[in-house]
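Read the structure below first, then the notes.
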Amino acid sequence: MDRQHFLRSISCALAAFTITSGAAFAADSFPQRAIRLIIPYPPAGAGDIVGRMLSTRLSDRLGQQLVIDNRGGGGQVIATEMTAKAAPDGYTLLLASATHGVNPGLRDKLPYDSIKDFTPITLVASSPLVFVAHPSLGVSNIKELVAAAKAKPGVITYGSSGPGTGGHLAVELLNWLAGIKLIHVPYKGAGPALIDLVGGQIQIVCTSPLPAMPHVKAGRLRALAMTGSTRSRAAPEIPTVAEAGYGAYQAALWYALLGPAKMPPAVVKRLHGDAVAVIKSQEMVDQLLAQGAEAVGNTPQELEAFLRADIERWTKVIKQANIRAD
């Protein structure tokens with residue numbers, strides 16, 4: 001090897017070492033500035049509340065502020081696309097929701113791949129929905145609802161916040177598994193649907209327990225079942241749909257922390273460790289429970305498996321029910 005070739009080889013090796021060691025240093029010293037947390041919902045909604053609970057405590061652990069960036073609209077596609085196209089350096093994160101699992105089946109074309117274009121960090125929280133019925137329907141549980149629907153096919157109506165929303169899909173999943181046909185009446189929000197349910201204009205609503213349970217406690221509505229895989233600690237007296245004989249049934253509102261694809265492993269490890277510590281702190285657990293949600297805090301691998309299963313389940317339901325986005 002001549003002297004010039006030898007020097008060139010040494011120079012290339014030093015350059016490669018500088019690049020790799022610099023990247024490792026940057027990851028090990030993360031974060032060095034504020035982190036943007038994109039929330040795909042407007043302020044004051046349930047997702048915004050959960051995001052702010054997380055961001056306040058995670059800021060303290062990381063030593064850098066998590067700046068909330070509310071980007072509602074577009075069926076959460078706008079905020080999700082922003083995250084997918086951001087630099088994968090850990091300084092842009094997304095608080096994804098159950099809509100992330102619904103959109104691939106609901107929308108003909110998305111400007112991102114819901115799995116490949118994101119780095120999973122952890123599932124933050126999960127909240128079941130609750131099936132509530134008007135007392136005039138004369139049912140007290142899911143088995144009685146299914147029996148009534150089979151006796152009166154195409155007669156019983158249910159309200160939701162609109163096509164493709166959690167409450168809509170949760171009922172369509174029951175329709176599919178039980179072989180019944182509850183008739184969908186879409187509303188512009190859960191509030192109007194509950195008002196009509198209490199008034200007897202419709203018979204069923206599947207929605208968040210927070211707005212529904214006060215009506216149940218007042219005797220204006222009957223709680224039939226929760227939609228989670230296990231009973232909710234917020235209302236352990238209410239059985240699950242699965243307990244009625246539909247073991248494959250599971251539907252929930254959930255919130256997960258994602259970043260753009262190809263984030264450095266060391267950055268993911270730091271974010272995951274601190275986020276899980278926050279999520280599983282007693283203060284966070286109690287505050288989430290007060291919102292009707294359960295703290296989770298799983299691994300990135302578990303979150304990816306969860307997302308794949310959620311997308312597969314809802315894509316099947318959406319196809320079966322022929323649901324399309326507005």
Audit row: Arg222, Val139, side chain to side chain contact (heavy atoms under 4.5 Å, CB included) steps and yes/no: CA-CA 8 Å; Arg222 290 178 181 170; Val139 302; 5.9 Å; no
Parallel, tilted or perpendicular: rings of His100 and Phe118 (30°, 60°): perpendicular
Side chains of Ile180 and Ile156 in contact at under 4.5 Å (non-hydrogen atoms): no
Heavy-atom check, side chain of Pro88 versus side chain of Thr119, under 4.5 Å: no
Where do [X] and [Y] come nearest, in terms of heavy atoms and distance?
X      : Y      : answer
Ile279 : Val124 : CG2-O, 3.4 Å
Ala190 : Ser161 : N-OG, 3.0 Å
Ala212 : Val132 : CB-CG1, 4.1 Å
Pro236 : Ala234 : CD-C, 3.7 Å
Lys116 : Ala261 : O-CB, 3.3 Å
Gly162 : Pro186 : CA-CB, 4.2 Å

Check against side chain to side chain contact (heavy atoms under 4.5 Å, CB included), Val285 and Arg233: CA-CA 11 Å; Val285 168; Arg233 288 198 298 152; 3.5 Å; yes
Derivation and outcome, side chain to side chain contact (heavy atoms under 4.5 Å, CB included), residues Ile238 and Met213: CA-CA 11 Å; Ile238 303 175; Met213 291 308 293; 3.6 Å; yes
Could you grab the distance from atom [atom1] of [X] to atom [atom2] of [Y], nearest 0.5 Å is fine?
X      : Y      : atom1 : atom2 : value
Leu110 : Asp117 : CG    : CG    : 10.0 Å
Thr157 : Ile183 : OG1   : CD1   : 8.5 Å
Ile121 : Leu258 : CD1   : CG    : 7.0 Å
Leu129 : Leu253 : CG    : CG    : 4.5 Å
Phe30  : Lys269 : CZ    : NZ    : 14.5 Å
Glu144 : Leu137 : CD    : CG    : 9.5 Å

Ionic contact status for Arg308 with Glu312, cut-off 4.0 Å: no
side-chain hydrogen bond (donor to acceptor under 3.5 Å, both in side chains) contacts in which one or both residues fall within residues 238-263, not counting sequence neighbours: Arg231-Glu243, Thr240-Glu243, Trp254-Asp310
Stepwise side chain to side chain contact (heavy atoms under 4.5 Å, CB included) test for Asp274 and Val278: CA-CA 6 Å; Asp274 283 345; Val278 166; 5.7 Å; no
Pair Gln32, Tyr91: side-chain N/O donor-acceptor within cut-off below 3.5 Å: no
